[in-house]
Amino acid sequence: TRTSNGQTFLKLADQDGWVFAVGIKGEWAGKPIISAVPPESVLDAQVEGFVQSLYRQGFKNDADRYSVITFAVFIFLFITIGLYVNYN
(Lines give C-alpha, C1' and ligand atoms only; values in the text may rest on other atoms or scores of the structure.)
Protein backbone atom coordinates (compact mmCIF):
# COMPACT_ATOMS: atom_id res chain seq x y z
CA THR A 1 0.00 0.00 0.00
CA ARG A 2 1.24 3.45 -0.90
CA THR A 3 -0.30 6.89 -0.58
CA SER A 4 0.46 9.95 -2.70
CA ASN A 5 -1.47 13.24 -2.88
CA GLY A 6 -4.42 11.75 -1.01
CA GLN A 7 -4.67 8.74 -3.35
CA THR A 8 -4.07 5.25 -1.97
CA PHE A 9 -2.52 2.63 -4.24
CA LEU A 10 -2.86 -1.07 -3.46
CA LYS A 11 -0.49 -3.71 -4.88
CA LEU A 12 -2.23 -6.65 -6.53
CA ALA A 13 -1.39 -9.91 -4.77
CA ASP A 14 -1.33 -12.46 -7.59
CA GLN A 15 -0.41 -10.39 -10.62
CA ASP A 16 1.58 -7.36 -11.65
CA GLY A 17 0.08 -3.96 -11.08
CA TRP A 18 -1.52 -1.55 -8.67
CA VAL A 19 -5.08 -0.31 -8.20
CA PHE A 20 -6.41 3.05 -7.06
CA ALA A 21 -8.60 3.26 -3.97
CA VAL A 22 -10.53 6.23 -5.39
CA GLY A 23 -11.60 6.72 -9.01
CA ILE A 24 -9.71 9.31 -11.04
CA LYS A 25 -11.80 9.82 -14.17
CA GLY A 26 -15.33 9.85 -15.51
CA GLU A 27 -18.25 8.79 -13.33
CA TRP A 28 -15.83 7.22 -10.82
CA ALA A 29 -13.83 10.42 -10.22
CA GLY A 30 -13.53 11.00 -6.48
CA LYS A 31 -15.61 7.93 -5.59
CA PRO A 32 -14.28 4.91 -3.69
CA ILE A 33 -13.80 1.98 -6.08
CA ILE A 34 -12.70 -0.63 -3.55
CA SER A 35 -13.95 -1.57 -0.12
CA ALA A 36 -12.65 -3.61 2.78
CA VAL A 37 -13.89 -7.16 3.10
CA PRO A 38 -16.06 -7.57 6.22
CA PRO A 39 -14.43 -9.88 8.81
CA GLU A 40 -17.16 -12.52 8.37
CA SER A 41 -16.41 -12.69 4.61
CA VAL A 42 -12.61 -12.92 4.73
CA LEU A 43 -12.49 -16.69 4.15
CA ASP A 44 -14.91 -16.42 1.20
CA ALA A 45 -12.80 -13.62 -0.30
CA GLN A 46 -9.60 -15.65 0.12
CA VAL A 47 -11.16 -18.68 -1.59
CA GLU A 48 -12.48 -16.50 -4.43
CA GLY A 49 -9.04 -14.91 -4.85
CA PHE A 50 -7.38 -18.33 -4.91
CA VAL A 51 -9.82 -19.65 -7.53
CA GLN A 52 -9.32 -16.56 -9.68
CA SER A 53 -5.54 -16.88 -9.46
CA LEU A 54 -5.75 -20.53 -10.56
CA TYR A 55 -7.98 -19.50 -13.45
CA ARG A 56 -5.55 -16.75 -14.54
CA GLN A 57 -2.58 -19.12 -14.31
CA GLY A 58 -4.33 -22.01 -16.04
CA PHE A 59 -6.00 -20.13 -18.87
CA LYS A 60 -3.49 -17.78 -20.42
CA ASN A 61 -5.72 -17.17 -23.46
CA ASP A 62 -8.99 -18.23 -25.08
CA ALA A 63 -7.37 -21.20 -26.83
CA ASP A 64 -6.53 -22.72 -23.43
CA ARG A 65 -10.10 -22.29 -22.22
CA TYR A 66 -11.60 -23.77 -25.41
CA SER A 67 -9.22 -26.73 -25.25
CA VAL A 68 -10.28 -27.57 -21.70
CA ILE A 69 -13.98 -27.16 -22.51
CA THR A 70 -13.65 -29.36 -25.60
CA PHE A 71 -11.80 -32.02 -23.58
CA ALA A 72 -14.45 -31.91 -20.82
CA VAL A 73 -17.27 -32.32 -23.37
CA PHE A 74 -15.45 -35.24 -24.98
CA ILE A 75 -14.97 -36.98 -21.61
CA PHE A 76 -18.63 -36.36 -20.67
CA LEU A 77 -19.85 -37.84 -23.97
CA PHE A 78 -17.45 -40.77 -23.70
CA ILE A 79 -18.69 -41.65 -20.20
CA THR A 80 -22.35 -41.08 -21.08
CA ILE A 81 -22.17 -43.26 -24.21
CA GLY A 82 -20.20 -45.92 -22.33
CA LEU A 83 -22.82 -46.07 -19.57
CA TYR A 84 -25.63 -46.19 -22.12
CA VAL A 85 -24.01 -49.06 -24.03
CA ASN A 86 -23.24 -51.02 -20.85
CA TYR A 87 -26.72 -50.75 -19.37
CA ASN A 88 -28.78 -51.35 -22.54
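Values in this document were obtained by computation on a predicted structure and should not be read as measured data.
- A distance of 10.0 Å separates OH in Tyr66 from CG in Asn61, rounded to the nearest 0.5 Å.
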Given the rule in the side-chain contact (heavy atoms from CB on, under 4.5 Å) test, do Ile33 and Val22 qualify, once you have shown the distances and angles that lead to the verdict? CA-CA 5 Å; Ile33 57 174; Val22 178; 5.9 Å; no
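- When every heavy atom of Gln52 is checked against every heavy atom of Glu48, the shortest pair comes out as NE2-OE2, 2.7 Å.
- A single hydrophobic cluster is seen to contain both Leu83 and Phe74, as judged by linkage of ILVMFWY side chains at heavy-atom distances under 4.5 Å, directly or through other members.
- To the nearest 0.5 Å, atom OG1 of residue Thr70 and atom CD1 of residue Ile75 are 11.5 Å apart.
- Between the CH2 atom of Trp18 and the NZ atom of Lys11 there is a distance of 6.5 Å, given to the nearest 0.5 Å.
- Atom CH2 of Trp28 has 12 or fewer neighbouring heavy atoms from other residues, nucleotides or ligands inside a 6.0 Å radius.
- Summarising the geometry, atom CG belonging to Asn86 is positioned 12.0 Å from atom CD1 belonging to Ile81; distances are rounded to the nearest 0.5 Å.
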Derivation and outcome, side-chain contact (heavy atoms from CB on, under 4.5 Å), residues Asp16 and Leu12: CA-CA 6 Å; Asp16 292 336; Leu12 298 173; over 6 Å; no
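- A distance of 4.5 Å separates OH of Tyr55 from CZ of Arg65, quoted to the nearest 0.5 Å.
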With side-chain contact (heavy atoms from CB on, under 4.5 Å) as the test, would you mind laying out the steps for Gln7 and Ile24 before giving the verdict? CA-CA 9 Å; Gln7 178 67 272; Ile24 59 170; 3.4 Å; yes
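- At distances below 3.5 Å, not a single donor-acceptor pair connects side-chain atoms of Ser41 with backbone N or O atoms of Val37.
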